[in-house]
Every structure is written in structure tokens, then in C-alpha cells.
> 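Dumping the structure here so I can ask a few things about it.
Quick note on labels: first sequence line is chain A, next is B, and so on, each numbered from 1. Note that the structure is predicted; figures quoted are calculated from it, not measured.
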There are 2 protein chains.
Amino acid sequence: MYERKILENLDCGVNVANKIVGGKWRACIIDSISRGISRPSGIQREIPEAPARVIQMHLRELEALQVIRKETSGGFPLKTEYFLTDFGRSVLPLIAAMDAWGNANKAFVQEMSAAMTEEALNAPS
Amino acid sequence: MYERKILENLDCGVNVANKIVGGKWRACIIDSISRGISRPSGIQREIPEAPARVIQMHLRELEALQVIRKETSGGFPLKTEYFLTDFGRSVLPLIAAMDAWGNANKAFVQEMSAAMTEEALNAPS
DNA sequence: ACAATAACGGAAAAAAGATTCGGTAGGGAT
DNA sequence: ATCCCTACCGAATCTTTTTTCCGTTATTGT
């Protein structure tokens with residue numbers, strides 16, 4: 001696991017929340033599991049743009065943070081399943097709130113974002 | 001401004017939200033301005049752990065994204081003020097939700113986080 | 001024996017983000 | 001004259017996160 005050089009600050013609530021749902025694919029992974037997509041291969045099929053390695057690493061970390069719980073049946077075909085813990089379920093409303101706000105303001109942010117890159121291109125100075 | 005190499009994906013609401021409130025100091029800066037701390041120097045005094053340069057850059061970006069609006073009175077002592085736009089005010093409930101969830105689960109996350117680093121130290125393989 | 005699938009992880013590179021260092025500029029106070 | 005304050009920005013560097021590449025193990029189907 002990666003060893004931090006700068007001590008992370010978990011005093012502020014926002015930072016605590018970002019620790020769980022921040023990152024490029026975190027919320028997607030949690031959302032998939034909440035929708036009953038429990039196996040790693042299924043999650044990968046659900047989010048094909050995310051590299052398998054990244055999903056694997058996030059699953060490890062979310063398990064360590066007790067957001068999800070792992071269940072392995074050694075049988076065949078080699079079955080691993082992940083489920084949300086109670087704690088994990090408690091983030092769902094937050095993810096829903098972020099998703100709702102984001103979707104409501106998607107067009108505006110996309111527009112501003114596009115304007116920013118155009119501005120950068122048209123002002124080579 | 002920084003030029004992305006990988007196209008950012010603003011299709012998903014969560015990513016749109018993270019574009020505005022993600023990042024180490026974004027929410028803190030927006031929160032400060034919402035509390036009436038309008039000048040850069042004031043914001044820096046409010047968040048002394050954040051380097052001045054970082055705050056400056058975020059202010060630029062938040063302005064470009066129209067989350068905040070800038071007002072300059074050329075007079076003296078060289079006064080610049082930032083205010084939330086209507087759009088900016090619309091993120092406040094989201095930041096409040098993140099902060100509330102984070103504060104409610106702070107102790108648990110801190111505990112899990114500590115357990116993770118200890119685990120890493122005690123298992124040198 | 002050989003491919004296919006599932007789960008997983010090491011290592012290094014790439015990308016993104018944060019930080020430090022230094023510099024600009026205008027004016028005020030001593 | 002010299003130092004301080006305010007606002008600001010370029011560039012290099014460091015840290016963190018994401019990605020790519022390539023392995024391992026185990027079992028099933030052909």
C-alpha cells in the first residue's frame with residue numbers, strides 16, 4: 001500500500017467524506033455494489049473505462065475502511081463477492097446528493113469547463 | 001492554466017460535483033467565502049495550512065467556473081473581494097451534507113485509517 | 001496440453017495535484 | 001531609503017493518484 005509522506009488531515013468533515021467518496025472511481029464502485037453487482041468481474045464490466053487494477057486497489061481500501069465486506073466461496077468458478085456494510089450504506093445518501101447536484105448542474109459546468117480550455121488555447125501570449 | 005492529457009469525464013454527476021468541491025482546499029475556500037471572508041488575505045488567515053499559491057490558483061479556477069465572482073476596487077489598500085455567485089451558493093448544501101456526514105463518521109474513519117497504517121507497518125513481509 | 005476465466009498483486013511510468021521558491025507591482029509607514 | 005502589506009504569477013519540484021504492463025494461482029472446458 002502507498003505510504004503517505006504528508007500526514008492526512010481528517011479533522012474536517014469534508015476531508016473525511018472525500019477520503020471515502022473522493023477519487024476518480026470510488027463513488028462508481030460503491031454505487032455498483034449497492035446495485036447488487038457484487039463480483040469484481042461484474043464491477044469491471046460495469047465500469048469498463050476504469051482499469052481492473054484500480055478497481056482491485058479500491059476494493060482493498062474500501063474493505064480496510066469497512067465500507068464493504070468481502071465474502072469468498074473457495075469453490076468454482078472462483079467466486080468473490082463484496083457487499084456494503086452498514087457504514088457503507090450510510091454513504092449512499094451522500095453519493096446520491098453529489099450525483100443529484102452534479103446532474104442538475106452538469107450542463108453549466110461542462111460549458112464553463114469548455115470555455116476555460118478555449119480561453120487557454122486562444123490566449124497563447 | 002494546466003492542460004489535461006486525459007479528457008475529463010463530466011458525464012457522471014459525482015464527477016461534476018468533484019470538479020467543484022473536490023481537491024484538498026476547495027470546500028474550505030468556498031466555505032470561507034460563504035462566511036463573508038471575501039478577501040484573499042483573509043482567506044489565507046482563515047486557512048493558514050494552505051499555501052497562498054494554492055488558494056490563489058483555486059480562486060482563479062472557481063472564478064472561471066463561475067462559482068465565485070471577483071470585485072476589485074483599485075483604491076487603497078489594494079482591495080480585491082470574492083463573492084459567491086448564485087451557482088456558487090447552490091453548492092453550499094452539498095458541502096454541508098459532506099461536512100455533516102464526515103463529522104458524524106469522523107471517529108470511525110480515523111480509527112480505520114489508523115488501523116490500516118499500523119497493519120502496513122506490522123506486516124513488513 | 002492448452003486456452004479461458006476469475007481473482008489478485010508487484011513495479012514502474014504517467015498524470016494530476018499540491019507545494020515551495022522566487023519574482024512582479026503599487027503604495028504606506030518609519 | 002527601506003521595509004511592510006496586498007495581490008498576483010511563473011516555474012520547478014514534490015506528493016499523490018491513476019494507469020499500464022506483466023506476472024501468479026487455481027479450475028474448467030476442449
Side-chain angles (χ1 to χ4, degrees), chain A residues 1-9 15 18-29 37-64 68 70-82 113 117 120 123-125, chain B residues 1-9 15 18-29 37-45 47-64 68 70-82 113 116-117 120 123-125:
Chain A
M1 208 163 278
Y2 177 77
E3 199 178 331
R4 293 196 146 267
K5 298 195 179 169
I6 290 180
L7 204 60
E8 72 185 334
N9 182 347
N15 289 348
N18 267 328
K19 165 116 191 161
I20 305 298
V21 299
K24 199 168 176 183
W25 306 106
R26 275 263 163 114
C28 291
I29 292 169
I37 310 202
S38 57
R39 300 181 54 185
S41 47
I43 299 171
Q44 276 156 40
R45 272 189 295 271
E46 195 75 3
I47 324 170
E49 321 92 277
R53 188 74 176 91
V54 175
I55 296 178
Q56 207 72 251
M57 289 170 89
H58 281 305
L59 288 174
R60 286 273 130 272
E61 236 182 281
L62 289 171
E63 193 196 354
I68 59 177
K70 185 181 178 180
E71 262 178 41
T72 326
S73 13
F76 207 77
L78 200 56
K79 195 170 174 179
T80 313
E81 287 185 289
Y82 291 96
S113 211
T117 57
S125 177
Chain B
M1 211 162 276
Y2 177 76
E3 197 179 334
R4 291 197 147 266
K5 299 195 179 172
I6 290 180
L7 204 60
E8 73 186 333
N9 182 346
N15 290 347
N18 267 328
K19 165 115 191 164
I20 306 298
V21 298
K24 198 167 176 183
W25 306 105
R26 274 262 164 115
C28 291
I29 292 169
I37 311 201
S38 58
R39 301 181 55 186
S41 48
I43 299 171
Q44 276 156 40
R45 271 188 295 270
I47 324 170
E49 321 92 280
R53 188 73 176 94
V54 175
I55 295 179
Q56 207 72 250
M57 289 170 89
H58 281 303
L59 288 174
R60 286 271 132 272
E61 237 181 280
L62 289 171
E63 192 196 355
I68 60 176
K70 185 182 179 179
E71 261 178 42
T72 326
S73 13
F76 208 78
L78 199 55
K79 194 171 175 180
T80 312
E81 286 184 290
Y82 291 96
S113 210
M116 281 164 75
T117 57
S125 175

> Is any side-chain N or O of B:Ser41 closer than 4.0 Å to OP1 or OP2 of D:dC5?
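No, because none of the side-chain N or O atoms of B:Ser41 sits under 4.0 Å from OP1 or OP2 of D:dC5.
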> If you go through the side-chain atoms of B:Arg26, does one of them form a donor-acceptor pair with the base of C:dG17 closer than 3.5 Å?
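Checked by distance alone, the answer is no.
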> Return the 5'-most residue of the pair A:Glu81, B:Met57 with respect to DNA chain C, ranking by each residue's nearest nucleotide.
A:Glu81
> Among residues at least two apart in sequence or on other chains, which ones pass salt bridge (Lys or Arg N to Asp or Glu O under 4.0 Å) with B:Lys19?
B:Glu8
> Could you pull out the closest heavy-atom pair between A:Arg26 and A:Gly22, with the gap in Å?
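Scanning both residues, the minimum pair turns out to be CG-O, 2.9 Å.
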> Does A:Trp25 make a side-chain N or O approach to OP1 or OP2 of D:dT19 shorter than 4.0 Å?
yes
> Starting at OG1 of B:Thr80, measure out to CZ of B:Arg39 and round the result to the nearest 0.5 Å.
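Spacing of OG1 (B:Thr80) from CZ (B:Arg39) equals 7.0 Å.
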> Round to a whole Å and report the spacing from CD1 of A:Ile43 to C1' of C:dC8.
14 Å
> A:Ile47 has an atom CD1; how far is it from atom C1' of D:dT19, in whole Å?
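Rounding to the nearest Å, CD1 of A:Ile47 and C1' of D:dT19 are 15 Å apart.
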> When you get a sec, tell me which of D:dC8, D:dT19, C:dC8 is the closest nucleotide to the side chain of A:Pro51?
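Ranking D:dC8, D:dT19, C:dC8 by closest atom to the A:Pro51 side chain puts D:dT19 first.
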> Rounded to the nearest angstrom, tell me the gap between atom CG in A:Asn15 and atom C1' in C:dG17.
15 Å
> Using whole Å, report how far OH of B:Tyr82 lies from C1' of D:dA7.
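Rounded to the whole Å, the gap is 8 Å.
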> State the CH2-CD1 distance between A:Trp25 and A:Ile43, to the nearest 0.5 angstrom.
13.5 Å
> Atom NZ of A:Lys79 and atom OG of A:Ser41: how far apart are they, to the nearest 0.5 Å?
10.5 Å
> Looking at the side chain of B:Thr80, which of C:dC8, C:dT20, D:dC8 is the nearest nucleotide?
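Of all the options, the side chain of B:Thr80 is nearest to D:dC8.
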> Would you kindly give the CD-to-P distance between B:Glu3 and C:dG17, to the nearest whole Å?
13 Å
> Using atom CD1 of A:Ile55 as one end and atom C1' of C:dA7 as the other, report the distance to the nearest whole Å.
13 Å
> Quick one: is C:dG17 close enough that its OP1 or OP2 comes under 4.0 Å of any side-chain N or O from B:His58?
no
> OP1, OP2 of C:dC8 versus side-chain N and O of A:Gln56: anything below 4.0 Å?
yes
> Are any protein N/O atoms closer than 3.5 Å to N/O atoms in nucleotides 13-15 of chain D? If there are, list each pair with its distance.
none

> Might you point out which heavy atoms bring B:Cys28 and B:Ile47 nearest each other, and give the distance in Å?
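So the two residues come closest at CB-CD1, 3.7 Å.
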> Just to confirm, is there a sub-4.0 Å distance from OP1 or OP2 of D:dC9 to any side-chain nitrogen or oxygen of B:Arg60?
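Yes, B:Arg60 has a side-chain N/O under 4.0 Å of OP1/OP2 on D:dC9.
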> Of the candidate nucleotides D:dT19, C:dT20, D:dA7, which contains the atom at the shortest distance from the side chain of B:Arg53?
C:dT20
> Please assess A:Ile68 against A:Ile29 for the test side-chain contact (heavy atoms from CB on, under 4.5 Å), listing each intermediate value before the final yes or no.
CA-CA 10 Å; A:Ile68 59 177; A:Ile29 292 169; 6.0 Å; no
> Select one nucleotide: of C:dA18, D:dC8, D:dT18, the one nearest the side-chain heavy atoms of B:Lys24.
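In terms of side-chain proximity for B:Lys24, the closest of C:dA18, D:dC8, D:dT18 is C:dA18.
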> Between B:Asn18 and A:Asn18, does the side-chain contact (heavy atoms from CB on, under 4.5 Å) criterion hold? Intermediate values first, please.
CA-CA 9 Å; B:Asn18 267 328; A:Asn18 267 328; 4.0 Å; yes
> In whole angstrom, give the distance that lies between atom CG of A:Leu59 and atom C1' of C:dG9.
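Going from A:Leu59 (CG) to C:dG9 (C1'), I get 13 Å.
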> Starting from P on D:dT16, measure out to CG on A:Leu7 and report it in whole angstrom.
10 Å
